[in-house]
Amino acid sequence: QVQLVESGGGLVQAGGSLRLSCAASGRTFSNYAMGWFRRAPGKEREFVARISASSDYTSYAESVKGRFTISRDNAKNTVYLQMSSLKPEDTAVYYCAASYGSTWSGRAASWGQGTQVTVSS
């Protein structure tokens, strides 16, 4: 399986920006579609964004559309989540996940350990 390690989380004021990174190892990164998910305190994990293996398709949750951008660099085995205009309700642990195949299959083969994002008002 592919191993995933997130980084880039932290504390930011509302309206600010953060870029999360997820570094992959262990398998051919370009064989996997990638996704970002988050879990807020007391809530279920929810989908945030996903990107196809070749970057030709992206999809976003309505709550982040226009504010977040997912991208990947297959040469660096890394997927990114650029987050802008952050809101307190974006506070959560953010996870990246890998799904084998060119597009997201609906089932994650691997998960990262998560990185905390806290947005203060």
**Student:** Donor-acceptor pairs are to be reported for all side-chain atoms of residues 24-36 against protein atoms at under 3.5 Å, with residues two or more places apart or in another chain.
**Tutor:**
residue	atom	partner	partner atom	Å
W36	NE1	Y80	O	3.4

**Student:** Atom CD of Q113 and atom OG of S7: how far apart are they, to the nearest 0.5 Å?
**Tutor:**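 Q113 CD to S7 OG: 8.5 Å, rounded to 0.5 Å.
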**Student:** S21 and side chain to side chain contact (heavy atoms under 4.5 Å, CB included): which single residue from V5, L81, V79, T78 fits?
**Tutor:**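 Checked V5, L81, V79, T78 against S21; only one passes side chain to side chain contact (heavy atoms under 4.5 Å, CB included): T78.
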**Student:** Go through the structure and list residues passing side-chain hydrogen bond (donor to acceptor under 3.5 Å, both in side chains) with E44, not counting sequence neighbours.
**Tutor:**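 Listed in chain order: nothing, the list is empty.
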**Student:** Starting at CD of E89, measure out to NZ of K43 and round the result to the nearest 0.5 Å.
**Tutor:** 8.5 Å
**Student:** Could you list the donor-acceptor pairs under 3.5 angstrom formed between side-chain atoms of residues 92-100 and any protein atom two or more places apart in sequence or on another chain?
**Tutor:**
residue	atom	partner	partner atom	Å
Y94	OH	R38	NH1	2.9
Y94	OH	D90	O	2.6
S99	OG	S105	N	3.0
S99	OG	S105	OG	2.8
S99	OG	R107	O	3.2

**Student:** When Q13 is tested against each of S121, S120, P88 for side chain to side chain contact (heavy atoms under 4.5 Å, CB included), which residue passes?
**Tutor:**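 The single option meeting the side chain to side chain contact (heavy atoms under 4.5 Å, CB included) with Q13 is S120.
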**Student:** Hydrophobic clustering (ILVMFWY, side-chain heavy atoms < 4.5 Å, transitive) - are W111 and L4 grouped together?
**Tutor:**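 Per the 4.5 Å side-chain linkage, L4 and W111 are not co-clustered.
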**Student:** In the structure I gave you, are the side-chain heavy atoms of Y60 and V48 within less than 4.5 Å of one another anywhere?
**Tutor:**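 They are not in contact (no side-chain heavy atoms under 4.5 Å apart), so the answer is no.
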**Student:** Using side chain to side chain contact (heavy atoms under 4.5 Å, CB included), reason through Q116 and T91 one step at a time and then give a plain yes or no.
**Tutor:** CA-CA 8 Å; Q116 176 71 47; T91 295; 4.0 Å; yes
**Student:** Would L20 and T115 count as a side chain to side chain contact (heavy atoms under 4.5 Å, CB included) if you check the C-alpha gap in whole Å, the side-chain angles of each, and the deciding distance to 0.1 Å?
**Tutor:** CA-CA 8 Å; L20 305 184; T115 186; 4.0 Å; yes
**Student:** Between W104 and F37, how do the two ring planes meet: parallel, tilted or perpendicular, split at 30° and 60°?
**Tutor:**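 Tilted.
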**Student:** Do M83 and V12 belong to the same hydrophobic cluster, where Ile, Leu, Val, Met, Phe, Trp and Tyr are linked whenever their side-chain heavy atoms lie under 4.5 Å apart, directly or via other members?
**Tutor:**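 Same hydrophobic cluster.
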**Student:** Would a distance-only check, ignoring hydrogens and angles, find a side-chain to backbone donor-acceptor pair under 3.5 Å from E6 to C22?
**Tutor:** no
**Student:** For I70 versus I51, what's the shortest heavy-atom pair and its separation?
**Tutor:**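 Looking at all heavy atoms of both residues, the closest pair is CD1-CG2, 3.7 Å.
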**Student:** At what distance, to the nearest 0.5 angstrom, does CZ of R67 lie from OG of S17?
**Tutor:** 10.5 Å
